[in-house]
Amino acid sequence: MNQKRVAVIGGGAAGMMAAIHAAYCGAAVQLFEKNDRMGKKLRITGKGRCNVTNDCPTNEFLTNVPTNPRFLYAALNRFSTSDTMDFFEGCGVPLKVERGKRVFPVSDKAADIVSAMQERCRDCDVEIVHNKITSIDISEGRVLAVIAGEKRYPCDSVIVCTGGKSYPGTGSDGDGYRFARQAGHTVTELRPSLVPIVAGGRLCQSMQGLSLKNVALKIVRRDNGKVAYEDFGEMMFTHFGMTGPMVLSASAHIPDVEKGIYDALIDLKPALDEQALDARIRSDFLKYNNKDFINSLGDLLPLKMIEPIVSLSGIDPRKKVNSITKEERKALLETIKGLRIPLLGFRSIDEAIITKGGVAVNEVNPKTMESKLVSGLYFAGEVLDLDAYTGGFNLQIAFSTAVVAGESAGE
Ligand SMILES: Cc1cc2nc3c(=O)[nH]c(=O)nc-3n(C[C@H](O)[C@H](O)[C@H](O)COP(=O)(O)OP(=O)(O)OC[C@H]3O[C@@H](n4cnc5c(N)ncnc54)[C@H](O)[C@@H]3O)c2cc1C
């Protein structure tokens with residue numbers, strides 16, 4: 001019997017996993033990566049530590065996938081989060097589970113994940129070709145070859161694993177969407193997700209560079225006060241608005257932020273209820289009894305925050321602390337417990353962790369990842385219209401869809 005020839009485009013998380021599984025099935029696999037190194041994006045995941053998956057059951061996993069979760073059901077059934085853990089531990093990369101069931105290599109090195117996948121590719125004779133694929137040759141509804149400039153590589157199946165459009169410096173700059181459109185596929189609107197948020201007013205600018213830990217963030221709709229997202233943790237102010245882990249996560253819950261309908265509400269002292277915070281303020285006021293108000297908050301707030309908070313409280317900064325009224329103290333307390341910042345939009349897709357949108361999943365078979373329009377054409381990873389919240393879910397999506405595509409193409 002003739003050996004099946006599979007071409008995989010993209011040497012990232014999905015591409016390497018797809019190539020390995022196509023090779024397991026006995027196919028002759030060529031993996032095309034345009035960078036001179038494999039897994040450039042994978043190397044910077046999880047701040048260089050690679051949050052490789054999330055140690056949760058499938059039903060919980062799917063609640064972390066806001067776009068097309070049902071499409072993933074079969075793929076996660078075939079290759080679950082525990083399969084991912086078994087795979088990497090089987091490759092000699094011990095893993096550990098951290099807060100929020102996030103899974104990382106014990107070494108805290110994303111490079112170990114890349115090396116393990118590269119080694120496995122070598123072990124199962126995947127041929128790595130460092131070349132940029134420019135098009136896919138399709139005739140009479142089936143794939144014939146992939147093309148790299150003047151060079152043509154004949155094949156029986158092609159798996160498109162070119163990633164999204166975010167962080168284009170890593171190589172994922174959207175080629176796969178072009179291939180999909182040329183094959184007749186619909187590509188849904190491409191938008192940033194898990195991305196810094198642009199905020200209005202001069203408030204953020206005046207606090208730029210300030211990192212906050214242990215604060216509570218709520219994103220609320222201005223018209224009805226409905227809470228779109230809430231969390232507790234870290235965030236940072238920048239010249240354009242806000243970023244940091246909580247802010248990136250929040251962005252995935254407010255895709256319509258450009259409409260200007262949301263405010264961020266930050267509780268700077270979530271560990272203290274109103275009564276406890278009032279007691280704390282009164283104790284500071286006693287300590288700084290004869291000082292100007294502006295000089296009384298150094299124990300309570302970071303330096304960069306004092307002026308903005310004083311200004312928002314409406315209290316005269318030069319007023320003596322001993323003459324501040326109960327109502328004024330209440331206004332200060334409310335400002336600290338509910339710093340309100342209007343949200344205007346997202347930073348560009350280049351700065352996003354994930355691309356929302358992609359190859360329309362109703363044109364792809366969820367059990368095989370094969371195109372319903374072109375025989376022998378497969379998609380896996382971020383190029384598909386799938387995205388998830390932070391926590392290792394996005395890499396798991398890449399791995400699960402890749403295993404299914406690799407096995408189906410390689411059989
Ligand atoms: C800063 C950052 C941190 C992240 N951290 C995490 C995390 O900790 N956990 C998590 O789950 N997710 C994380 N993600 C998301 C995760 O990296 C992606 O979901 C995942 O890499 C997608 O895998 P992929 O294989 O589909 O695409 P990619 O990993 O982007 O790989 C695509 C590859 O295709 C190649 N390519 C593209 N076009 C061509 C072409 N024409 N010819 C040849 N090669 C081509 C590219 O060079 C690239 O190597 C992070 C993302 C970023 C940007």
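Fair warning: this is a prediction, and the values are worked out from it, not measured in the lab. In what follows, residues are counted from 1 in the order of the sequence shown. Remember, it's 1-based here, ligands and their atoms both numbered in the order they're listed.
The shortest contact between atom 13 (C) of ligand 1 and any protein heavy atom is with Thr45 CG2, 3.8 Å. Nearest protein heavy-atom neighbour of atom 47 (O) of ligand 1: Glu33 OE2, 2.7 Å.
Below 3.5 Å of separation, one finds an N or O of Ala14 facing an N or O of ligand 1. The distance criterion of under 3.5 Å between nitrogen or oxygen atoms is met by Gly46 with respect to ligand 1.
Met246 contributes atom CE, which lies 11.5 Å from atom OG1 of Thr390 (distance to the nearest 0.5 angstrom). Here Leu248 contributes atom CG and Met242 contributes atom CE; the two are 10.5 Å apart, rounded to the nearest 0.5 Å.
The residue from Glu382, Lys165, Lys34, Lys40 that puts a heavy atom closest to atom 22 (C) of ligand 1 is Glu382. For the residues Ala380, Ala13, Gly163, the heavy atom positioned nearest atom 29 (O) of ligand 1 is part of Ala13.
Under 4.0 Å is where a charged nitrogen must lie from a carboxylate oxygen, and between Arg178 and Asp175 at least one such pair does. With respect to Lys96 and Asp108, a salt bridge is recorded, a charged nitrogen being found less than 4.0 Å from a carboxylate O. Salt bridge present: Lys356 and Asp387 bring a charged side-chain N and a carboxylate O closer than 4.0 Å.
The contact set between ligand 1 and Ile354, taken as ligand atoms under 4.0 Å from a residue heavy atom, comprises 15 (C), 19 (O). If you number the atoms of ligand 1 from 1 as listed, the ones under 4.0 Å from a heavy atom of Asn51 come out as 7 (C), 8 (O), 9 (N), 10 (C), 11 (O). Of all atoms in ligand 1, listed by their number and element, those nearer than 4.0 Å to a heavy atom of Lys132 are 41 (N), 42 (N). Counting atoms of ligand 1 from 1 in the listed order, those under 4.0 Å from a heavy atom of Gly12 are 25 (O), 29 (O), 31 (O), 33 (C). Counting the atoms of ligand 1 from 1 in the order shown, those under 4.0 Å from a heavy atom of Thr170 are 47 (O). The ligand atoms of ligand 1 that sit less than 4.0 angstrom from a heavy atom of Gly381 are 26 (O). Less than 4.0 angstrom separates some heavy atom of Gly10 from each of these atoms of ligand 1: 33 (C), 34 (O), 35 (C), 44 (N). Heavy-atom proximity to Asn35, at under 4.0 Å, picks out these atoms of ligand 1: 47 (O).
When non-hydrogen atoms are compared, ligand 1 lies under 4.0 Å from the backbone of Phe32 (N, CA, C, O) but not from its side chain. Of all the heavy atoms of Ile9, the ones lying under 4.0 Å from any atom of ligand 1 belong exclusively to the side chain. In Cys161, the part holding a heavy atom less than 4.0 Å from any atom of ligand 1 is the backbone. When non-hydrogen atoms are compared, ligand 1 lies under 4.0 Å from the side chain of Lys41 (C-beta onward) but not from its backbone. The proximity of Asp175 to ligand 1, defined as any non-hydrogen pair under 4.0 Å, is limited to the side chain.
Both tests hold for Arg347 against Phe240: distance to the six-membered ring centre under 6.0 Å, angle to the ring axis within 45°.
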Phe179 vs His185, ring-ring contact (aromatic ring centres under 6.0 Å, His included): CA-CA, chis, key distance, verdict:
CA-CA 9 Å; Phe179 302 152; His185 277 275; over 10 Å; no
Stepwise, does the salt bridge (Lys or Arg N to Asp or Glu O under 4.0 Å) test hold for Arg340 with Asp263?
CA-CA 6 Å; Arg340 188 178 281 270; Asp263 284 339; 2.8 Å; yes
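Heavy atoms of Thr134 stay at 4.0 angstrom or farther from ligand 1.
Ring-centre distance between Phe88 and Phe399: below the 6.0 Å cut-off.
For the side chain to side chain contact (heavy atoms under 4.5 Å, CB included) with Ser408, the lone residue among Ile159, Thr368, Asn365, Val6 that qualifies is Thr368.
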Enumerate, atom names and distances included, each donor-acceptor pair closer than 3.5 Å involving a side-chain atom of residues 17-32, sequence neighbours excluded.
| residue | atom | partner | partner atom | Å |
| --- | --- | --- | --- | --- |
| His21 | ND1 | Met17 | O | 3.1 |
| Tyr24 | OH | Arg120 | NH1 | 2.6 |
| Gln30 | NE2 | Glu127 | OE1 | 3.1 |

